[in-house]
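Here is the structure we will look at, set down as structure tokens.
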Amino acid sequence: GAPRVSALDMIIVPTRSGIHWLRYHVNLPPSGLTAAVTAELMPGCADPIEGPGSAINCVYLAAPFAYELYWDGRLIGRSGVVGADREAEVVGPLDNLITIPENSRQPGEHVIALRMSSYRYNFAADQVQVGIALGDYAAFLRREMRRPIFPIAGMGATLLVALISGVLFWFVDRRRPLLLCSVLSFALALFYLLIAWRWLHNDPHIWFRPRLVAITGLMTVIATVFPWLLIEQFSAPRRTWWLALLLPLLGAAWFSSEIYETKTLWLCRAMLTVSLGIAGWAVWRGRPGARFILVGVLVGLLTIRTARREFLDPWLFVTFDVLVLFVFTALGAQLRTSRQRAREATLSAVRLEIELLKKNIQPHFLLNTLATIMEVIEQDPRVAVTLIEALAGEFHILAGVSDKKLVPIGQELELCRAHLRIMALRKGAACVLEATGINDQSLVPPALFHTLVENGLTHLRPIDGKQRFELREERHSGITRYTFTAYGEALATPRTSPAGTGLRYVKARLEESFSGAWTLEGGPVAGGWRTVIEIRDRPAAATQPGGAGKGVPA
């Protein structure tokens, strides 16, 4: 059961203002009396514990100051050295459990005197509350030994999650949510460690305030990383808006109170309020795992709202452990789904790659090209040499990139232009590709735009002896947009179902390389056909598969 403890009334003492004497008068009841009788005999004591009385044989004092403790005029304990100034005062431990001499525990009235100085009190307040608790020595020890159990258990659980998330990020999938989950869990582990540290190591009292500041600082980090993790995990739009909402709330929490436990609770409330909005948006958009996160955040918000002003409130640890568990579980499910989708995309890309190579070296293409060469040789041998070199160049580039997952876009444009040189000679029309704003080192799947060029050559005819293609690259808000336009006169009404091998190859390659982080749309424009491909910079953060092409000719 709970230890039998009675706390004497708090006395307010000015800090850093000399040596002070405090005196308490107490009546020790006979052992074995009930708590109600004890309360009557000890009117100066508050908060007696229900149940049979037990021996009062010790004094507990958590003191951020130096003191000497006297029982009936007899010195029974001290912490540090009381001094008339800062230089003379010596710091002592924060928590002290002092045994009352056995021959001084007889029932009746006793006087507790406290001689104290607080020159090394390092809080900003100019007053300090002094309170003394009386109780049973063994019960106090049991209570103090139980206090770090919850934070130590929470530290072990969050360290394990941090390790697993870090390993998955480093060796399996470089998803930013995995990295943020590892950082969040590690910060929580440090948070729990600092809470438990007071009962693992009785520090000098001047360490008390720095430890509270560190705990509150870690909670600020946690309150920032957790919503950020949800933003990345669910690919929430307008990320800066969410952070702009969060940061003022965190700032207000820091100034909400001079008590660090209260600051921490307000930081939790700010974090969970913003997280509730993100999780609600994710549920509305049907993001996988969003319902679990929403339930966890709601429970956490209700729990923290009613929490006591204590770091050791068990609900604090339960709330954070459940939230981390839900987030980690959702990440694991998304990782499994993503890897399964990636395997399927890889198999599809390999199959379509073979089909594309077959298409480019099929007898029909070769026979037409060779017939063109034969005809050109008779008319102009120099042009024939150019055609043969262009054909060899295209096959050389195609063979070099076909087995790669990503290639620089500059190399991809070389392949497109080699193909256009061949088709220009075959069609007897100028075939050109104009590129605007292209970063030659940007990575794209091989034969991506080559396939779109081939589609344009197949579905459009030259206008006035010229067939023009245009590729434009733009970057905005973490998104790279490629706008590809094929100009020409349509040979027939374009199909709206993107069922051809070429377009299926493009979509499979995009899904393989940028799983869930791409979109492809297309449609007719004045004088041709336009295809728009968008790729997000952080494909791993996406949770929804892309690839719903709209009206792209096959």
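All of these numbers come straight from a predicted model, not from anything done at the bench.
- With a 4.5 Å cut-off on side-chain heavy atoms, Trp228 and Leu246 do not count as touching.
- Listed for the Ser235 side chain is no donor-acceptor partner under 3.5 Å among the backbone atoms of Ile231.
- Nearest heavy atoms, Leu294 versus Gly280: CD1-N, 4.0 Å.
- Taking the ring-ring contact (aromatic ring centres under 6.0 Å, His included) definition, one finds that Trp242 meets it with nothing, sequence neighbours left out.
- The nearest pair of heavy atoms linking Thr224 to Thr220 is OG1-O, 2.9 Å.
- By the 6.0 Å contact criterion, CD on Glu434 is enclosed, its count of non-hydrogen atoms from other residues, nucleotides or ligands being greater than 12.
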| field | Chi angles and distances behind the side-chain contact (heavy atoms from CB on, under 4.5 Å) call for Leu406, Phe514 | value | CA-CA 10 Å; Leu406 292 170; Phe514 308 102; 3.8 Å; yes
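- Inter-residue side-chain proximity for Leu471 and Ile409 is flagged as met; some heavy-atom pair is nearer than 4.5 Å.
- Nearest heavy atoms, Pro408 versus Leu443: N-CD2, 3.8 Å.
- No side-chain donor from either of His450 and Glu412 sits under 3.5 Å from a side-chain acceptor of the other.
- For the residue pair Ala486 and Leu460, the shortest heavy atom distance occurs at O-CD1, 3.4 Å.
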| Leu457 and Leu420: side-chain contact (heavy atoms from CB on, under 4.5 Å), yes or no, with the steps? | CA-CA 9 Å; Leu457 293 169; Leu420 288 175; 4.2 Å; yes
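- Side chains of Val297 and Phe226 form a contact here, defined as non-hydrogen atoms less than 4.5 Å apart.
- In this structure, Val432 and Lys466 have side chains that are in contact, with non-hydrogen atoms separated by less than 4.5 Å.
- For Tyr487, there are no ring-ring contact (aromatic ring centres under 6.0 Å, His included) partners at least two apart in sequence or on another chain.
- Rounded to the nearest 0.5 Å, atoms CH2 (Trp266) and CG (Leu249) are 10.0 Å apart.
- Side-chain contact between Ser185 and Cys181 is present, with at least one heavy-atom pair separated by less than 4.5 Å.
- Atom CZ of Arg238 sits in a sparse spot, with 12 or fewer heavy atoms from other residues, nucleotides or ligands closer than 6.0 Å.
- Under the 4.5 Å side-chain criterion, counting only non-hydrogen atoms from C-beta, Leu520 is not in contact with Val532.
- Of the candidates Leu178, Val327, Leu180, Gln233 forms a side chain to side chain contact (heavy atoms under 4.5 Å, CB included) with just one, namely Val327.
- To the nearest 0.5 Å, the span separating CZ on Arg481 from OG1 on Thr519 amounts to 8.0 Å.
- Counting all heavy atoms, side chain and backbone alike, Arg536 lies closest to Ile479 at CG-CG1, 4.0 Å.
- Atoms CG and CZ, from Asn439 and Arg475 in turn, are 8.5 Å apart once rounded to the nearest 0.5 Å.
- If you check the side chains of Trp518 and Glu534, you find no donor sitting under 3.5 Å from an acceptor.
- Remark: Arg468 CZ is packed, more than 12 non-hydrogen atoms of other residues, nucleotides or ligands lying under 6.0 Å away.
- For the 3.5 Å distance criterion, the side chains of Trp529 and Thr485 fail to qualify, holding no donor opposite an acceptor.
- Residues satisfying the side chain to side chain contact (heavy atoms under 4.5 Å, CB included) criterion with Leu159, sequence neighbours excluded, are Met155, Phe186, Ala189.
- At distances below 3.5 Å, not a single donor-acceptor pair connects side-chain atoms of Glu258 with backbone N or O atoms of Ala124.
- Under a 3.5 Å cut-off, the side chain of Arg530 and the backbone N or O of Phe484 do not form any donor-acceptor pair.
- At a cut-off of 3.5 Å, with distance as the only test, a side-chain donor of Glu473 or Ser442 sits close to an acceptor on the other residue.
- Proximity of Asn122 to Pro210: side-chain heavy atoms (C-beta onward) are separated by under 4.5 Å at one or more points.
- When every heavy atom of Ala187 is checked against every heavy atom of Val221, the shortest pair comes out as CB-CG1, 4.4 Å.
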| field | Intermediate values then yes/no, ring-ring contact (aromatic ring centres under 6.0 Å, His included), Phe449 and Tyr482 | value | CA-CA 10 Å; Phe449 297 111; Tyr482 295 102; 5.5 Å; yes
| query | Given Leu510 and Val444, is the side-chain contact (heavy atoms from CB on, under 4.5 Å) satisfied, shown in steps? | reply | CA-CA 8 Å; Leu510 287 170; Val444 295; over 6 Å; no
| request: Please test Phe234 against Arg285 for side-chain contact (heavy atoms from CB on, under 4.5 Å), starting from the C-alpha separation and ending with a verdict. | output: CA-CA 9 Å; Phe234 297 129; Arg285 296 304 299 267; over 6 Å; no
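- Taken from CD1 in Ile215 to NZ in Lys263, the straight-line distance is 13.5 Å, to the nearest 0.5 Å.
- Between Leu229 atom CG and Ser182 atom OG the span is 11.0 Å, to the nearest 0.5 Å.
- In this structure, Phe123 places its CZ atom where more than 12 heavy-atom neighbours from other residues, nucleotides or ligands lie under 6.0 Å away.
- Side-chain atoms of Thr158 and Leu184, non-hydrogen and from C-beta on, never get closer than 4.5 Å to each other.
- Remark: Ser165 OG to Arg175 CZ distance equals 12.5 Å, nearest 0.5 Å.
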